[in-house]
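When reading the values below, keep in mind they use all heavy atoms of this one structure, side chains included, and skip hydrogens, waters and symmetry mates. What you see is a predicted model, and the numbers here were worked out from it, not measured in a lab.
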Amino acid sequence: MEERIVMVDSGTGLCLTERQLDERSAAATVQLRRRGVRAGDTVLICLGVGPDLLVATDAVIAAGGIVWPIPPELDAPRLRERMLASCARLMISDLPHALEAAKESRVRLVVSVADLRAYPAGREISTESDRAGP
């Protein structure tokens, strides 16, 4: 049976299959729950469009959280304003300006995309974001 592609990264052309999305989302969900995300918790996601954004969104929803996306192109004051409005204590981002903006908000835990990865033994690396791995 052929793997269904759920996303093609416009920047790299690499594909994310349904199986890869399920595996990465499941691993990320476990990592979010270990960091205290529970049903009803708001989780900020400040990532560019691509496989990592899709996986992070899927994982937050699977953990019972509420996704609060923040466009990564916002400047620091606008990022901070949105962070404060969310009342979130956790953010998923790898962007330096988002990490800096979080210092003056209620965000107490910032999780990078690499922190969300915990692949099963023998997991095949197949997307650009996988290659940046832990």
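- By the 6.0 Å contact criterion, CZ on R33 is enclosed, its count of non-hydrogen atoms from other residues, nucleotides or ligands being greater than 12.
- Under the 4.5 Å side-chain criterion, counting only non-hydrogen atoms from C-beta, D41 is not in contact with L90.
- Listed by chain and residue number, nothing satisfies the side chain to side chain donor-acceptor pair (under 3.5 Å) test with R106 (two or more places apart in sequence, or in another chain).
- Looking at heavy atoms from C-beta onward, V55 lies in side-chain contact with L21 at the 4.5 angstrom threshold.
- For the pair V111 and Q31, the minimum side-chain heavy-atom distance is 4.5 Å or more.
- With sequence neighbours left out, the salt bridge (Lys or Arg N to Asp or Glu O under 4.0 Å) criterion links R80 to E104.
- Using a 4.5 Å heavy-atom cutoff, the side chains of T57 and I45 are in contact.
- No single ILVMFWY cluster, assembled from side-chain heavy atoms under 4.5 Å apart, contains both L99 and L95.
- Side-chain atoms of C15 and E3, non-hydrogen and from C-beta on, never get closer than 4.5 Å to each other.
- The line from CG of L53 to CG of D58 is 10.5 Å long, rounded to the nearest 0.5 Å.
- V110 and L47 fall into different hydrophobic clusters, where Ile, Leu, Val, Met, Phe, Trp and Tyr residues are linked whenever their side-chain heavy atoms come under 4.5 Å apart, directly or through other members.
- Atoms CG and CG, on D9 and L14 in that order, are 6.5 Å from each other to the nearest 0.5 Å.
- Residues V60 and V113 fall within the same hydrophobic cluster, defined by Ile, Leu, Val, Met, Phe, Trp and Tyr side chains chained together at heavy-atom separations under 4.5 Å.
- Here the shortest heavy-atom pairing between T29 and A62 reads OG1-CB, 3.4 Å.
- In this structure, CE in M91 is found 7.0 Å from CD1 in I70, a value given to the nearest 0.5 Å.
- Side-chain atoms of S112 and D115 form a donor-acceptor pair, as typed in the model, at a separation below 3.5 Å.
- Rounding to the nearest 0.5 angstrom, the gap separating the CG atom in L32 from the CD1 atom in I92 is 4.5 Å.
- Residues satisfying the side chain to side chain donor-acceptor pair (under 3.5 Å) criterion with R38, sequence neighbours excluded, are absent altogether.
- Interatomic distance, I61 CD1 to S25 OG, rounded to the nearest 0.5 Å: 9.5 Å.
- One hydrophobic cluster holds both V107 and W68 under the rule that ILVMFWY side chains link at heavy-atom gaps under 4.5 Å.
- Looking at every heavy atom in both residues, S105 comes nearest to A102 through OG-O, 2.8 Å.
- Of all non-hydrogen atoms in V37 and A63, the two that sit nearest each other are CG1-CB, 4.0 Å.
- Counting heavy atoms from C-beta outward, M83 and C46 have side chains that stay 4.5 Å or more apart.
- Here the CZ atom belonging to R4 is positioned 12.5 Å from the CG atom belonging to L16, to the nearest 0.5 angstrom.
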